[in-house]
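For reference, the structure discussed in these notes is given below.
The figures here come from the full heavy-atom set of this structure, side chains too, leaving out hydrogens, waters and symmetry mates. All ligand and atom numbering here is 1-based and tracks the order in the structure.
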Amino acid sequence: MTVTRFAPSPTGYLHVGNLRTALFNWLIARKAGGTFILRLDDTDPERSKPEYADAIKEDLEWLGLTWDRVETQSSRLDRYAAAADALREKDRFYECFETPTELDLKRKKQLNMGKPPVYDRAALALSKEEKAAFRAERSGHWRFLLNHARIEWTDGILGDTSIDAASVSDPVLIRGDGQVLYTLASVVDDTEMGITDVVRGSDHVTNTATQIQIIEALGGSVPSFAHHSLLTGPQGEALSKRLGTLALRDLRARGVEPLALLSLMARLGSSDPVELRSSHQELIDGFELTHFGAAPTKFDADDLWPLTARYLHGLPFDAVADQIASIGVPVEVAERFWTVIRDNIGTRSELADWWQVLAEGAEPLVAEDDAEFVRTAMAMLPALPFDETTWAKWTAEVKNATGRKGKGLFMPLRKALTGRQRGPEMADFLPLMRALPRLHLTQD
Ligand code: GLU
């Protein structure tokens, strides 16, 4: 059975980069009829915050990326301690006492000599007495002893991948203050929770190599790994600094529709075209992990707007009925309102703007050259309420009276009645009007 997990650290808000990881793991689980676990990597007590954990859940709920269960690493510390003991017994875990400054110095020396900055394993040579002397001064941190061989795996996106373990430092798994680090916690969880497939960003490729050895040392079975490329901005620029502005909650507040965002992210960076999907099932059916490429993926938040608009334009009335009721549209005209307005909105919030125009009257938009014409036309406008014949009758009379025709006739009237250059068919719009434009005519 397929089991995947999305494992954010609750130290901030989710952004589009995290979403890619969440979505791929969710899609794999759902496609296989498997289990999707939300795992909160909260072993850092200082940076992890419950409000971020809540925000992560809220964002995933908004997107409809439902999880089958939640796990928290902070409640599994005894499991990590047991795994650390197991590694000690197998002589794959050793205590080190270098301070960060000493380690930094070692790295600088190695780099000066043109060598890769790999930890030199000096601690392995410490005698019992030397260790005891260090322990009296400071607590040690613990490293996993890598087996210096090539670590190989077939990556679900990168294909056959291998890393020479000798080019990587033995990873620190427990810090001097006792804090269990991500690599150990993650490996223990992946093994004990039966995770079968792990998709994460390509910044984790080296972690994967060391994690494979740790999993093997603990006698676990190695999941299938896949590393998706990292997102860049539209010009290929690094996105890392801007990810803060691409938080999912900000996109939500700006009116992005969940399925528009998911449709883009489920295809961006793959050989399949981005297609607007109207349900999660369609996303699942159209997802193929092997179609994704290793090259950095350009993300342009502006692509979300046409997708959002198209998604909205395709929604049936039932999908928006509650919202339309909540902005005060009377039930007897609600469906009509949706039919007339829907192709003219870019986000849901624009529904309220249109209703305001209809219910309270537009702030008219009148060019100086049209002021006289609009005044004449408005004087000929019959009293409310209007019906579906009003526009045709009125514009015919205005045409006769003023001699204007075509765009010169219709456009100023549209702008006067709606306050906008563009909008729905005026014949359909007029019967919905509850109020006339506010009569002090502004100029554009
Ligand atoms: N908490 C880790 C991260 O957010 C999880 C990485 C993983 O998927 O293993 O980078």
Side-chain angles (χ1 to χ4, degrees), residues 2-29 34-50 52-53 55-57 59-60 65 67 69-77 79-80 83 144 151 153 155-158 161 163 168 171-173 175 179-215 218 220-231 239-240 243-244 246-248 265 289 292:
T2 300
V3 186
T4 66
R5 67 354 180 241
F6 171 51
S9 299
T11 54
Y13 296 120
L14 295 182
H15 49 66
V16 284
N18 307 126
L19 169 59
R20 225 167 166 225
T21 312
L23 178 60
F24 288 6
N25 285 292
W26 183 86
L27 286 166
I28 289 169
T35 299
F36 175 66
I37 299 174
L38 171 60
R39 190 183 86 197
L40 296 167
D41 284 2
D42 57 352
T43 51
D44 181 339
E46 254 143 54
R47 295 178 55 229
S48 301
K49 300 263 182 293
Y52 288 131
I56 287 169
K57 290 179 189 166
D59 289 343
L60 293 176
L65 301 185
W67 54 88
R69 62 176 208 268
V70 180
E71 297 278 359
T72 49
Q73 293 196 323
S74 56
S75 62
R76 292 175 43 81
L77 298 178
R79 303 306 309 152
Y80 312 141
F144 176 74
I151 305 167
W153 73 94
D155 194 285
I157 292 174
L158 306 177
T161 307
I163 287 191
V168 183
V172 176
L173 301 189
R175 286 201 326 200
Q179 188 182 315
V180 173
L181 291 182
Y182 150 76
T183 305
L184 178 60
S186 184
V187 156
V188 172
D189 290 347
D190 287 345
T191 306
E192 295 188 359
M193 293 172 195
I195 303 297
T196 56
D197 298 76
V198 174
V199 184
R200 54 192 175 194
S202 52
D203 49 338
H204 281 290
V205 166
T206 310
N207 284 340
T208 295
T210 60
Q211 289 182 9
I212 287 174
Q213 280 206 3
I214 304 171
I215 294 169
L218 289 170
S221 58
V222 178
S224 299
F225 285 102
H227 297 85
H228 60 71
S229 63
L230 299 184
L231 297 179
L239 209 55
S240 48
L243 281 173
L246 295 170
L248 301 186
M265 299 314 285
L289 185 71
F292 284 80

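- Residue Y182 touches ligand 1 through its side chain alone, judged by heavy-atom distances below 4.0 Å.
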Give the intermediate values and the outcome of side chain to side chain contact (heavy atoms under 4.5 Å, CB included) for residues Y182 and Q73. CA-CA 9 Å; Y182 150 76; Q73 293 196 323; 5.5 Å; no
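- In the vicinity of D41, heavy-atom distances shorter than 4.0 Å reach the ligand 1 atoms 1 (N), 2 (C), 5 (C).
- Ion pairing between a basic and an acidic side chain is recognised when a charged N comes within 4.0 Å of a carboxylate O; E192 and R79 show such pairing.
- Within the 4.5 Å cutoff, the side chain of L65 has heavy atoms near those of the L19 side chain.
- Ranking the protein heavy atoms by distance from atom 10 (O) of ligand 1 puts H204 NE2, 3.0 Å first.
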Test salt bridge (charged side-chain N to carboxylate O under 4.0 Å, His left out) applied to D190 and R39, step by step: CA-CA 10 Å; D190 287 345; R39 190 183 86 197; 3.0 Å; yes
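- Residue-ligand proximity, R5 to ligand 1, at heavy-atom distances under 4.0 Å covers atoms 7 (C), 8 (O), 9 (O).
- At under 3.5 Å, a nitrogen or oxygen of A7, whether backbone or side chain, sits near a nitrogen or oxygen of ligand 1.
- Two residues are said to be in side-chain contact when any heavy atoms from C-beta on lie closer than 4.5 Å; H204 and F225 fail this criterion.
- Each of the atoms 7 (C), 8 (O), 9 (O) of ligand 1 lies under 4.0 Å from some heavy atom of R200.
- Under the 3.5 Å distance criterion, with hydrogens and angles disregarded, a donor-acceptor pair is assigned to the side chains of D42 and S74.
- In the vicinity of S9, heavy-atom distances shorter than 4.0 Å reach the ligand 1 atoms 1 (N).
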